[in-house]
Amino acid sequence: MMEPVADPECATLAESAITIDSCLHDGRERSLADDVLDGLTRPFKELPPKHFYDARGAELFDQICELPEYYPTRTERAILQASAEELAALTGAAELVELGSGTAAKTRMLLDALHEGGTLRRYIPVDVTETMVRSCAEELTSEYPGLKVHGVIGDFERHLDRVPDPTGARLVVFLGGTIGNFPPGSRRRFLREIARLLGPGDHLLMGADLVKDPQVLTQAYDDAQGVTAEFNRNLLRVLNRELRADFDPEDFDHVALFDREHEWIEMRLRARRAHTTTVHDLGLSVHFEQGEEMRTEISAKFTRERVEDDLAAAGLELVSWLTDPEELFALTLARPPR
Ligand code: SAH
Ligand code: TRP
């Protein structure tokens with residue numbers, strides 16, 4: 001049954017256990033168009049990473065998570081496994097809000113612990129990929145009897161105000177090291193936005209990838225099977241489909257390099273030959289020199305100090321710092337000051 005639509009940009013479809021809010025529609029295309037107009041007309045071309053995740057991109061990302069070189073997923077999973085019970089006890093969360101939830105594979109460990117602790121009532125996944133939010137809602141409501149799922153299909157940089165009002169102690173989770181995909185300035189701005197979702201007694205659980213041997217890092221973003229390369233090039237297929245561009249993905253090489261000064265990984269696409277592409281929907285011609293590189297993502301690596309400073313800048317204090325024995329990856333529990 002359709003509910004009245006309050007915000008014309010966000011339609012709500014309510015069923016008993018599942019509510020889905022969609023904030024995308026035209027907004028999605030508009031934001032891609034704006035990002036292309038802005039990013040491909042600069043001397044150093046750049047596109048933001050959220051456009052990677054169409055259905056194919058989400059599938060490729062899942063494959064990345066299983067790669068031997070890509071240690072973050074399995075490491076974060078191990079940390080969660082070891083600490084889920086403690087986190088459930090510390091937070092006593094009645095609702096879990098997850099930003100960039102994807103398939104919520106690792107989240108199940110937290111849901112299990114909160115479910116067993118008897119506090120969990122609602123899960124609120126927020127993701128740009130519609131299929132992810134919908135299938136995750138279906139799966140979790142059947143896996144956890146009594147759980148309500150309120151999914152938000154939207155851009156977490158623009159639609160955090162669409163997260164429903166809290167109904168009890170809240171735990172916001174932001175996993176996968178996705179915080180590293182923000183450039184430093186907007187990272188702190190985004191953390192401040194997240195902090196606004198938290199009241200007294202609420203918590204944020206955030207995953208951050210740690211600074212380490214550059215070779216380990218570059219391999220994690222340039223695997224031997226070429227899955228990451230395919231994921232990177234998939235961005236061009238998104239532009240071809242959504243904006244009628246005529247990129248040939250085979251005209252570009254995948255590049256992953258570690259920037260030692262900033263301590264972040266950069267993902268780029270490098271033109272194999274000089275050529276000009278047309279983005280028909282925007283009436284835009286884009287020229288690439290041979291060897292010219294376009295930045296498609298940064299993935300910042302953290303130290304404990306950097307995470308604490310960023311949290312403090314957002315008005316949050318560290319409660320626990322959880323890491324694996326090799327200190328590859330860290331989970332941080334934070335809260336508003338009491
Ligand atoms: N949390 C999962 C997935 C991480 S991949 C994990 O830890 O494995 C990043 C996820 O964030 C993807 O599912 C992608 O669709 C989503 N995402 C990326 N940018 C986004 C944005 N701006 N707004 C909402 N979701 C976004
Ligand atoms: N949040 C992930 C990370 O920074 C995203 C990611 C992993 C990614 N591998 C990628 C993004 C390859 C683009 C290309 O680790």
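Nothing here was measured: the structure is a model prediction, and the numbers come from that model. Every number for a ligand or one of its atoms is a count from 1 in the order of the listing. The basis for the numbers below is simple: all heavy atoms, side chains too, and nothing from hydrogens, waters or symmetry mates.
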Legend entry - Charged N-O contact under 4.0 Å between Glu326 and Lys212: no
Legend entry - Set of residues satisfying ring pair (Phe, Tyr, Trp, His ring centres under 6.0 Å) with respect to Tyr144, sequence neighbours excluded: His115
Legend entry - Arg42/Asp38 ion pair, N-O < 4.0 Å: yes
Legend entry - Residues Asp251 and Arg272 bridged, charged N to O under 4.0 Å: no
List below, pair by pair, the N or O atoms of ligand 2 and of the protein that are less than 3.5 Å apart, including the distance to 0.1 Å; reply 'none' if no pair qualifies.
{"from": "ligand 2", "atom 1": "1 (N)", "to": "Gly176", "atom 2": "O", "distance (Å)": "3.4"}
{"from": "ligand 2", "atom 1": "1 (N)", "to": "Asn181", "atom 2": "OD1", "distance (Å)": "3.0"}
{"from": "ligand 2", "atom 1": "4 (O)", "to": "Asn181", "atom 2": "ND2", "distance (Å)": "3.0"}
{"from": "ligand 2", "atom 1": "4 (O)", "to": "Tyr221", "atom 2": "OH", "distance (Å)": "3.4"}
{"from": "ligand 2", "atom 1": "4 (O)", "to": "Ser299", "atom 2": "OG", "distance (Å)": "2.6"}
{"from": "ligand 2", "atom 1": "15 (O)", "to": "Tyr70", "atom 2": "OH", "distance (Å)": "2.5"}
{"from": "ligand 2", "atom 1": "15 (O)", "to": "Tyr221", "atom 2": "OH", "distance (Å)": "2.5"}

Inset, instruction - Determine, for Asp54 against Arg241, whether the closest basic-nitrogen to carboxylate-oxygen distance falls under 4.0 angstrom. - result: yes
Inset, instruction - Share the residues that join Val211 in a hydrophobic cluster, the rule being Ile, Leu, Val, Met, Phe, Trp or Tyr side chains under 4.5 Å apart at the heavy-atom level. - result: none
Inset, instruction - Write down, by chain and number, every protein residue that brings a non-hydrogen atom to less than 4.0 Å from an atom of ligand 1. - result: Lys50, Tyr53, Phe61, Glu98, Gly100, Ser101, Gly102, Lys106, Asp127, Val128, Thr129, Gly154, Asp155, Phe156, Leu175, Gly176, Thr178
Legend entry - Arg189/Glu157 salt bridge by N-O under 4.0 Å criterion: no
Inset, instruction - Assign the ring pair Phe252 / Phe288 to parallel, tilted or perpendicular, where the plane angle (0 to 90°) is split at 30° and 60°. - result: perpendicular
Inset, instruction - Treating Ile, Leu, Val, Met, Phe, Trp and Tyr as nodes and any side-chain heavy-atom pair under 4.5 angstrom as an edge, say whether Tyr123 and Val152 lie in one connected cluster. - result: no
